[in-house]
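Just below is one structure, and these are the notes that go with it.
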Number of protein chains: 2
Amino acid sequence: MEMHFDQHISRQFNEELEGLKTEMLEMGGLVARQVADAVDALANADSELAEKVLQVEEEIDRCEMELDEHATLIIAKRQPAASDLRMVMSVIRNARDLERMGDEASKIAKMAIALTDEGTAPRGYTEIRHIANAVRKMLDDALDAYTRFDVEAALKTLAEDEQVDMDYRSAIRELITYMMEDPRSISRVMNVLWTLRSLERIGDHAKNICEQVVYLVKGADIRHGNKKNLR
Amino acid sequence: MEMHFDQHISRQFNEELEGLKTEMLEMGGLVARQVADAVDALANADSELAEKVLQVEEEIDRCEMELDEHATLIIAKRQPAASDLRMVMSVIRNARDLERMGDEASKIAKMAIALTDEGTAPRGYTEIRHIANAVRKMLDDALDAYTRFDVEAALKTLAEDEQVDMDYRSAIRELITYMMEDPRSISRVMNVLWTLRSLERIGDHAKNICEQVVYLVKGADIRHGNKKNLR
């Protein structure tokens, strides 16, 4: 799908908008890497990789602040309207969701360190792997949909969040039953629970990016299941 | 503290900015009410009040979308710069934080319903009450600091989040120990844990509003502990 931005007087304005988009997508790539590394660190009890994730978090925070600053500058200098303005606003919103995903990746990295210290692998790793794969795919697909301004792909990805939520809830129920049967495992299994929670939130944030694709292309706000805004 | 907005050609523009601020603060009042009701519903096993919280959530979602729309319209129509633009941007960001707090209030309301169904009061209610009071105060103070554009008050409120985080972590540790001692309580205590988690997040969001007061007045981005930006 082709996105038709308003005709700009200045070619430089076009380049600024393209630059903003690229910057956001680069941040997205960095965050996707963080999520993947955090999950791998947990699955392989690799505390070195987990430490690396914690170090990169600062870089992601910086990305968000820079993106915000660049976006605000463009608004002040270029006074964008219509789809240009929506594009700048969507970048600001996505930057925030990406930063939150980075936070969740750091939380998972901390759990990886805690779980590595405790030795034996607890229950719930299969569920973590399963849900992690689903939300990583959601994030990749959401960024891809944004890259191509592809509403169909965004709506398809958005719908996947329901399955993630269902799998999350069923995993939590299972782990609570397991803790009741083996109370000595509680402290370890709690770390698995927090990890699942973080993954579920990453899925929510990926969903938000999809909603921004629709907002950007269609000018419709479909947040909060507000599909009726989509014509 | 007095905030000096740029001199506006149009008096109507001034009124639009004031209107936007009022609209955001009204949303803030509504969310503060939701948080209070959700906690009361839990403390008093009042599932009717909890149901009311769940019903009002939609209204909050609508508030966020409307605020976003009004803010974007002002940007497109008035092309604000400097502190005017920062004010509009801060409203957009605050609306998002407020909406997230509303989400957390709904999660607490759901826990209240689950806990009421299960009858007997589990451990952790004292901690919930304690942390709930702290974050409710943070939210009130954050909105108040925004109303008066008071940087000192915002920084003071922001600092309170550290104590909330500490209390939260110590409560979680205690409840995990309790679950190990009484495994039959696990499923009930888990609902208390999720509630504490929601309260802790509400504190985080209140902190974000404080950061927006500083950004708005000083033009400095102090997120992610970036205090060096504050001169």
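- Note on residues 55-113 of chain A: no pairs pass ring pair (Phe, Tyr, Trp, His ring centres under 6.0 Å), not counting sequence neighbours.
- Proximity to chain A is limited to the side chain of B:E99, based on heavy atoms less than 4.5 angstrom apart.
- In this structure, CE on B:M180 lies 9.5 Å from CZ on A:R184, to the nearest 0.5 angstrom.
- Residue contact with chain B, scored on non-hydrogen atoms closer than 4.5 Å, is absent for A:E57.
- In terms of heavy-atom pairs under 4.5 Å with chain B, the best-connected choice from A:E58, A:R100, A:R62, A:E181 is A:R100.
- In the displayed structure, A:E162 atom CD is contacted under 6.0 Å by at most 12 heavy atoms of other residues, nucleotides or ligands.
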A:R223 vs B:M65, side-chain contact (heavy atoms from CB on, under 4.5 Å): CA-CA, chis, key distance, verdict:
CA-CA 8 Å; A:R223 288 178 294 182; B:M65 292 199 283; 4.1 Å; yes
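- Looking at A:N208, the atoms closer than 4.5 Å to chain B (heavy atoms on both sides) all sit in the side chain, from C-beta outward.
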Please report, to 0.1 Å, the donor-acceptor pairs under 3.5 Å made by any side chain of residues 193-203 of chain A, with sequence neighbours excluded.
residue	atom	partner	partner atom	Å
A:T195	OG1	A:N191	O	2.8
A:R197	NH1	A:Y168	OH	3.3
A:S198	OG	A:E104	OE1	2.8
A:S198	OG	A:W194	O	3.4

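- For B:D103, no part lies under 4.5 angstrom from a heavy atom of chain A.
- No side-chain heavy atom of A:I75 sits less than 4.5 Å from a side-chain heavy atom of B:Q79.
- Along residues 27-35 of chain B, no residue comes nearer than 4.5 angstrom to chain A, judged on non-hydrogen atoms.
- With a 4.5 angstrom heavy-atom cutoff, B:M89 touches chain A only via side-chain atoms.
- If you measure heavy-atom distances from A:M190 to chain B, the contacts under 4.5 Å come from the side chain alone.
- At a threshold of 4.5 Å between non-hydrogen side-chain atoms, the residues B:R93 and A:D68 count as touching.
- Residue A:R173 does not touch chain B at all, counting heavy-atom pairs closer than 4.5 Å.
- Counting heavy-atom pairs closer than 4.5 Å to chain A, the top residue among B:E69, B:R96, B:K77, B:E64 is B:R96.
- The distance from the OG1 atom of B:T177 to the CD1 atom of A:I186 is 9.5 Å, given to the nearest 0.5 Å.
- Annotation: B:K110, atom NZ; neighbour count of heavy atoms from other residues, nucleotides and ligands within 6.0 Å does not exceed 12.
- In terms of the salt bridge (Lys or Arg N to Asp or Glu O under 4.0 Å) criterion, residue partners of B:E15 (sequence neighbours excluded) are, by chain and number, B:R11.
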